[in-house]
Amino acid sequence: CALPPAPPADTCSCDMILVLDASGSIQDHDWVFMRDFARKVVDGFASAVHLASDKQHMGIITFGNSATKEVALTYDYDSLIAGIDLMQKTTGTTRTDLALNMAKDEVSLNLAARPG
C-alpha cells in the first residue's frame with residue numbers, strides 16, 4: 001500500500017518520539033535490528049516532512065529499568081543519527097510506562113515553547 005504524499009513542510013507541525021525497548025527482554029540481534037529500524041524511521045521522517053526548527057521535530061527515548069532521553073526533540077538530523085549510534089542496550093525490567101510518561105512530558109514542553 002502506498003502512503004499519500006506528505007503535505008508541504010511549511011504547512012505541517014508535528015513532533016515524533018521513537019520509544020524503544022532497550023531492556024533485558026530484547027536479544028542482542030533484535031537490538032541491532034531495532035537500531036537499524038530507528039535509522040530508517042529517522043530517514044523517512046526527515047525526508048517526508050523536512051525537519052525544521054519551528055515545525056517538525058523528532059526525539060528518541062529508550063527504556064529498561066528506567067527511561068533515558070537519548071535525543072531531545074530536535075530538527076537536527078545528524079544529532080538524531082548520532083543518538084541512535086550511541087544508544088546502549090540495558091538489562092533489567094521493561095518500564096514502558098516511564099518512557100511513555102517521558103515522551104508525553106517532552107512533547108508537552110515542546111508544544112508550549114513553539115510559537116503560535
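When every heavy atom of Ala38 is checked against every heavy atom of Leu20, the shortest pair comes out as CB-CD1, 4.1 Å. Heavy-atom minimum distance, Ser23 versus Gly92: CB-O, 3.8 Å. Closest approach of Val42 to Ile81, counting heavy atoms only: CG1-CD1, 4.0 Å.
Rounded to the nearest 0.5 Å, atoms OG (Ser79) and CG (Leu86) are 10.5 Å apart. Going from atom CG of Leu100 over to atom CG of Asp105 covers 11.0 Å, rounded to the nearest 0.5 Å. Here CZ of Arg95 is found 11.5 Å from CE of Met102. Values are rounded to the nearest 0.5 Å. Interatomic distance, NZ of Lys69 versus OG1 of Thr62, reported as 12.0 Å (0.5 Å rounding).
Side-chain heavy atoms closer than 4.5 Å link hydrophobic residues (I, L, V, M, F, W, Y) into clusters, and following such links, even through other members, never connects Leu98 to Val71. Residues Met87 and Met16 fall within the same hydrophobic cluster, defined by Ile, Leu, Val, Met, Phe, Trp and Tyr side chains chained together at heavy-atom separations under 4.5 Å. Hydrophobic cluster membership is shared by Met58 and Phe37, with clusters built from Ile, Leu, Val, Met, Phe, Trp and Tyr side chains linked at under 4.5 angstrom.
Take Lys89 and apply the salt bridge (Lys or Arg N to Asp or Glu O under 4.0 Å) test, not counting sequence neighbours, and it matches no residue. When the side-chain contact (heavy atoms from CB on, under 4.5 Å) test is applied to Ala99, the partners found at least two apart in sequence or on another chain are Val19, Ile61, Phe63, Ala67. Remark: Gln27 engages His29, Asp30 in a side-chain contact (heavy atoms from CB on, under 4.5 Å) (not counting sequence neighbours).
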TODO: May I have the step-by-step check of side chain to side chain contact (heavy atoms under 4.5 Å, CB included) for Asp36 and Val32, ending in yes or no?
DONE: CA-CA 6 Å; Asp36 289 343; Val32 171; 4.1 Å; yes
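In this structure a side-chain-to-backbone donor-acceptor pair under 3.5 Å is present from Glu106 to Leu73.
When each of Ile60, Asp43, Asp85 is checked for a side-chain contact (heavy atoms from CB on, under 4.5 Å) with Leu80, only Ile60 meets the rule.
Asn65 places none of its side-chain heavy atoms less than 4.5 Å from the side chain of Thr90. With a 4.5 Å cut-off on side-chain heavy atoms, Met34 and Ile26 count as touching.
There is no side-chain donor-acceptor pair under 3.5 Å between Thr74 and Asp76. For the 3.5 Å distance criterion, the side chains of Thr96 and Thr94 fail to qualify, holding no donor opposite an acceptor.
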